[in-house]
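Report on the following structure.
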Amino acid sequence: MPALGNLADPTAQRRVKPIAKSMVSTKPKPERAVLVAVEVKGKEHPWGLGESLGELSYLAKTAGAEVVGEVKQRADRLTSTYLGKGKLQELKDLMEQRHGDVAIFDDELTPAQQRNLEEALQLKVIDRTALILDVFSRHARTFEGKLQVELAQHQYLLPRLAGQWSHLERLGGGIGTRGPGETQLETDRRLVRNRIQKITAQLEGVRRRRSLYMGRRKKAGIPSATLVGYTNAGKSSLFNVLSDAGVTAADQLFSTLDPITRRVHLPSGGELLLTDTVGFIQKLSPKVVAAFRATLEQASESDILLHVVDVTHPKAPEQTQVVEDTLKDLGLADRPRILVLNKVDLLGTQDDNAAEMPGPGQRAQPTVLVSAAKSWNLDVLLHRVESLMMAVDGPALVVQGSR
């Protein structure tokens, strides 16, 4: 074995390379994304291209991408490549100039549109739904949450399997070359369908167990409330300050994915079971909502809903309407609720305006201004919760120590 030399010798020390300088970072570089959106003429939508792309950019950054450009178009209709020919060429040029790795589209693409775009761009193409599912997968922590994300991903993937094995079909005609692509495609479809059935059965078991727990809670006479709202409205921050739950609360989309329930003490001495749930977002695919049915059933079993709104957001009315529309789709349009206008500390006031305030396109409902960050008007909110419970003839409040 050759001698290593005398490391005490200054000359020898100079010959030894510092280890730190030879280390190479294994952290993957963020993907460089170009965002794409089309506004169809004559189709009314409360969100403009700018606001919708801004939210898409926030989603992309939450997923770990670096946004390097945008392409926008106003068109009479969506084409087989989503964009018109001129804008498609503009996108190809921009991807090349900015060294883009992925094109992210603001709407859910059809399987045919996605295949056509991948062939035209020769780069990865994903849509808004795939991006949301990626963010979901990053934030799922519980067994149930991971199952729900996987179910939504498989349901999204199933109609997009066609064409994955088209390279086998291009081998040419003749003996031995007919059918292998279709065979593999059918195999993949069968595997995905089997996995969907298995996950659905597991989630049905979760739903049954949750129903049993909810039944026990109702027998105990403890009222329940669920926090709902647009993503990043401050639901988790409000949940933490009311219950000391220590739930992750971050300035990012979908920081909370799994439902969490804690006891909250009411001013009268009674108790309330409060649940924090996943936030809503515009253009959320019905398949994604369906995959999270077991989680969203928590809201359907609650006596009242606390609809949390970021009052400082420039699109607060539109975000409120998105939540109201989603609740309607879930059959919860008539569920008693309180509109909780959060983050009023950023407006420089803690004046409580508990008067009836109509939301966009909906009936007037009790409203409370709060600040989860400053703990402003939380006592007013809890008093309002008790009043609403009594008004809707909810279950009797359980007084502390009576259990």
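The chain is numbered in sequence order, starting from 1.
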* Audit row: H307, T320, side-chain contact (heavy atoms from CB on, under 4.5 Å) steps and yes/no -> CA-CA 8 Å; H307 179 174; T320 303; 3.5 Å; yes
So, the side chain of [X] versus the backbone of [Y]: is there a donor-acceptor pair under 3.5 Å, distance only?
X	Y	result
R335	L305	no
Q113	T79	yes
N342	A233	yes
D101	R32	yes
Q202	L147	no
Y82	L117	no
T200	I196	yes

Taking every non-hydrogen atom, the tightest pair across [X] and [Y]:
X	Y	result
P223	L272	O-CD1, 3.5 Å
D276	K235	OD1-NZ, 3.5 Å
T261	T275	OG1-OG1, 2.7 Å
Q153	S137	NE2-CB, 3.9 Å
A65	A33	CB-CB, 4.2 Å
A152	L133	CB-CD2, 3.4 Å

* Asked: Is it true that E66 and K29 have a side-chain N and a carboxylate O under 4.0 angstrom from each other?
  ->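 Salt bridge flag = no for K29 with E66.
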* **Salt bridge flag under 4.0 Å for residues R337 and E324** =>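 Between E324 and R337 there is a salt bridge, with a charged N closer than 4.0 Å to a carboxylate O.
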Inter-residue atom distance [X].[atom1] - [Y].[atom2], 0.5 Å rounding:
X	Y	atom1	atom2	result
Q155	E150	CD	CD	11.0 Å
R262	L273	CZ	CG	11.0 Å
L35	E70	CG	CD	5.5 Å
S237	K343	OG	NZ	7.5 Å
Q321	K328	CD	NZ	9.0 Å
N232	T62	CG	OG1	8.0 Å

Do [X] and [Y] have side chains that approach each other closer than 4.5 Å (heavy atoms only, starting at C-beta)?
X	Y	result
V34	I104	no
Q319	V323	no
L266	E271	no
V38	R74	no
L306	T226	no
N377	L381	no
V40	D76	no
E39	Q73	no

* To do: Evaluate side-chain contact (heavy atoms from CB on, under 4.5 Å) for V71 paired with K87, printing each intermediate quantity in order.
  => CA-CA 8 Å; V71 173; K87 282 292 180 178; 4.2 Å; yes
Has [X] got more than 12 heavy atoms of other residues, nucleotides or ligands less than 6.0 Å from its [atom1]?
X	atom1	result
Q89	CD	yes
K41	NZ	yes
K283	NZ	yes

* Asked: What do the steps show when you test E301 against S224 for side-chain hydrogen bond (donor to acceptor under 3.5 Å, both in side chains), and what is the final call?
  -> CA-CA 8 Å; E301 295 293 332; S224 60; over 6 Å; no
* Passes side-chain contact (heavy atoms from CB on, under 4.5 Å), V308 versus Y230? Steps please. -> CA-CA 8 Å; V308 183; Y230 208 82; over 6 Å; no
* Examine the side chains of N116 and T81 and answer whether a donor and an acceptor come within less than 3.5 Å of each other. =>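 N116 vs T81: no donor-acceptor pair found between side chains.
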* Just do the side-chain contact (heavy atoms from CB on, under 4.5 Å) check on T231 and F280 with the steps written out, would you? => CA-CA 5 Å; T231 183; F280 301 146; over 6 Å; no
Which atom pairs, one a donor and one an acceptor, fall under 3.5 Å between side chains of residues 122-132 and the rest of the protein, sequence neighbours left out?
{"from": "Q122", "atom 1": "NE2", "to": "E119", "atom 2": "O", "distance (Å)": "2.8"}
{"from": "K124", "atom 1": "NZ", "to": "E31", "atom 2": "OE1", "distance (Å)": "3.4"}
{"from": "K124", "atom 1": "NZ", "to": "E31", "atom 2": "OE2", "distance (Å)": "2.7"}
{"from": "D127", "atom 1": "OD1", "to": "T129", "atom 2": "N", "distance (Å)": "3.3"}
{"from": "D127", "atom 1": "OD1", "to": "A130", "atom 2": "N", "distance (Å)": "2.9"}
{"from": "D127", "atom 1": "OD1", "to": "Y156", "atom 2": "OH", "distance (Å)": "2.9"}
{"from": "D127", "atom 1": "OD2", "to": "L109", "atom 2": "N", "distance (Å)": "2.9"}
{"from": "D127", "atom 1": "OD2", "to": "Y156", "atom 2": "OH", "distance (Å)": "3.0"}
{"from": "R128", "atom 1": "NE", "to": "Q282", "atom 2": "O", "distance (Å)": "3.3"}
{"from": "R128", "atom 1": "NH1", "to": "D106", "atom 2": "OD1", "distance (Å)": "2.5"}
{"from": "R128", "atom 1": "NH2", "to": "E55", "atom 2": "OE1", "distance (Å)": "2.3"}
{"from": "T129", "atom 1": "OG1", "to": "E108", "atom 2": "OE1", "distance (Å)": "3.0"}

